[in-house]
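Every chain is numbered from 1 and lettered A, B, ... according to where its sequence line falls, protein lines coming before strand lines.
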Number of protein chains: 2
Amino acid sequence: MLELAILGSLAEGPLHGYELRRRVERLSGHTRPVSDGSLYPAINRLVKRGLLSRHSEPGAAATRRHVLTLNDAGREHLLERLRDPAPHEITDSSRFFTVLAFLSLLPDTAGQHAVLRRRLEFLETPASFFYEDERPLRAEEVEDPYRRGMLLTARAVNRAEVAWLREVLDGGPDGPGGSGS
Amino acid sequence: MLELAILGSLAEGPLHGYELRRRVERLSGHTRPVSDGSLYPAINRLVKRGLLSRHSEPGAAATRRHVLTLNDAGREHLLERLRDPAPHEITDSSRFFTVLAFLSLLPDTAGQHAVLRRRLEFLETPASFFYEDERPLRAEEVEDPYRRGMLLTARAVNRAEVAWLREVLDGGPDGPGGSGS
DNA sequence: ACTAACATGTAATCTGTTACATGATTGA
DNA sequence: TCAATCATGTAACAGATTACATGTTAGT
């Protein structure tokens, strides 16, 4: 996931590691710090795979900087990942949000909407959080007050995201269905 | 985090691994599968640390079962973790929800509310998601439609959880402040 | 002199995933 | 007989964290 965030952040322009870290942290609202020990090895993996180019530059205020550029192979790889996210990138909210942050990079609205539809479908699937033994769980039947809170919060989250997705997909100002699938 | 979920699930009664997996998966609304490769090693770590006791039992329909029991040391460890969660267990929603699922195990309302207050304080802290360069980010100024969606969804989530926390902490039917701190 | 921000890395360790490996019972 | 469910584990690998390690520049 860090790798996707790195590739996406570099799609907007070259950055060096230190600045890249800030961009990636901003994606999570600065709630998930990115450590040196995960950032630099991730960068090196991407360079080794030929997705990023690295060239040195005299540091602005300190040691030499390594400016990272997303090359053609990297851009292609990024677009493929965005176009066809893995199941857990649809299912896990924090991963999905990383995909969403860069979804505009896909050149066609149809491709963007296809991803949003997968998320919507997941959110509307019975059998997850709100379901217990094949039937919907009602807040009143959860005796534990904190588990009730989990349920209420999860419902609110679900409703808000579903409403937004529906609006974008067929109620938005661009007209229903976007470019279609 | 898996370990906390295991300890918490066993606090309600002894279980064998296979059943335990289902309980743990239920906590995430069945959106995060727990693999054998994470479950059994985690159980073994907890047994090795002396937090769980394991005794064999003839399997109901298959191989022998290993019934796991949370022992005194395990219960004590669990209560300590619930009473004083690590920073990222307050900050990271999915981790916080795991804590929340078992928070009722803390014997005093004051201790429970202290944890909820930490979460509330975090959610109300400016400088996270909604903030950019020291000032609140407004949805209208986010040009990217998907990033705008992230912001709107995140706000809705935040509002719902803050409302629930405030209600529990000082507007709930138990009266303001619980047992106080 | 010291601290913060800039700047990049490695090593040990932890936690998790996927794939591999085994084996019994129940129902179609 | 074949698939599903029950039941438990290991091995290889991936990814992240913390701590360690180094070095500059700017401000107090």
S.K.: Check this for me, if you would: do B:R147 and A:E12 make a salt bridge, where the nitrogen-to-carboxylate-oxygen distance has to be below 4.0 angstrom?
M.R.: yes
S.K.: Does any residue of residues 34-54 of chain B have a heavy atom under 4.0 Å from DNA chain C, and if so, which ones, in number order?
M.R.: B:S35, B:G37, B:S38, B:R45
S.K.: How many whole angstroms separate atom CZ of A:R22 from atom C1' of C:dA4?
M.R.: 13 Å
S.K.: Taking the basic N atoms (NZ, or NE/NH1/NH2) and the acidic carboxylate oxygens, is any pair closer than 4.0 Å for A:R166 and A:E124?
M.R.: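 Salt bridge flag = yes for A:E124 with A:R166.
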S.K.: Starting at CE of B:M1 and ending at C1' of C:dT15, how long is that distance when rounded to a whole Å?
M.R.: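 The distance from CE of B:M1 to C1' of C:dT15 comes to 13 Å, rounded to the nearest Å.
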S.K.: Rounded to whole angstroms, how far apart are NE2 on A:H88 and C1' on D:dA14?
M.R.: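 My rounded result for the distance is 12 Å.
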S.K.: So which of B:I90, B:V157, B:L165 actually passes side chain to side chain contact (heavy atoms under 4.5 Å, CB included) with B:L123?
M.R.: B:L165
S.K.: Once you round it to whole Å, what is the distance between P of D:dT5 and CD of B:E25?
M.R.: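 Nearest whole value for this atom pair: 13 Å.
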S.K.: Any carboxylate oxygen within less than 4.0 angstrom of a Lys/Arg side-chain nitrogen, looking at B:R65 and B:E19?
M.R.: no
S.K.: Looking at A:H66, does any N or O in its side chain come under 4.0 Å of the phosphate oxygens OP1/OP2 on C:dG9?
M.R.: yes
S.K.: Quick one: side chains of residues 97-105 of chain A, donor-acceptor pairs under 3.5 Å with protein atoms, not counting sequence neighbours, listed by atom name and distance.
M.R.:
| residue | atom | partner | partner atom | Å |
| --- | --- | --- | --- | --- |
| A:T98 | OG1 | A:S94 | O | 3.2 |
| A:S104 | OG | B:D144 | OD1 | 3.3 |
| A:S104 | OG | B:D144 | OD2 | 2.7 |

S.K.: Checking A:S28 side chain against A:E25 main chain: does a donor-acceptor pair fall under 3.5 Å?
M.R.: yes
S.K.: Between atom CZ in A:R21 and atom P in D:dA16, what is the gap in whole Å?
M.R.: 14 Å
S.K.: Distance check needed: D:dG9 P versus B:L20 CG, whole Å only.
M.R.: 12 Å
S.K.: Between D:dT5 atom P and B:E19 atom CD, what is the distance in whole Å?
M.R.: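 Between P of D:dT5 and CD of B:E19: 15 Å.
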S.K.: Contacts to DNA chain C from residues 2-16 of chain B, heavy-atom cutoff under 4.0 Å, which residues?
M.R.: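 Within residues 2-16 of chain B, the residues near DNA chain C are B:L2, B:E3.
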S.K.: Identify whether the distance between the nearest side-chain nitrogen and carboxylate oxygen of A:R117 and A:D170 falls below 4.0 Å.
M.R.: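 No, A:R117 and A:D170 are not salt-bridged.
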S.K.: So, taking the atom named OG1 in A:T69 and the one named CG in A:L51, what distance separates them when rounded to the nearest 0.5 Å?
M.R.: 13.0 Å
S.K.: Find the distance B:R65:CZ to D:dT8:P and express it as a whole number of Å.
M.R.: 8 Å
S.K.: Roughly how far, to the nearest 0.5 Å, is the NE2 atom of B:H66 from the CG atom of B:N44?
M.R.: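 Spacing of CG (B:N44) from NE2 (B:H66) equals 9.5 Å.
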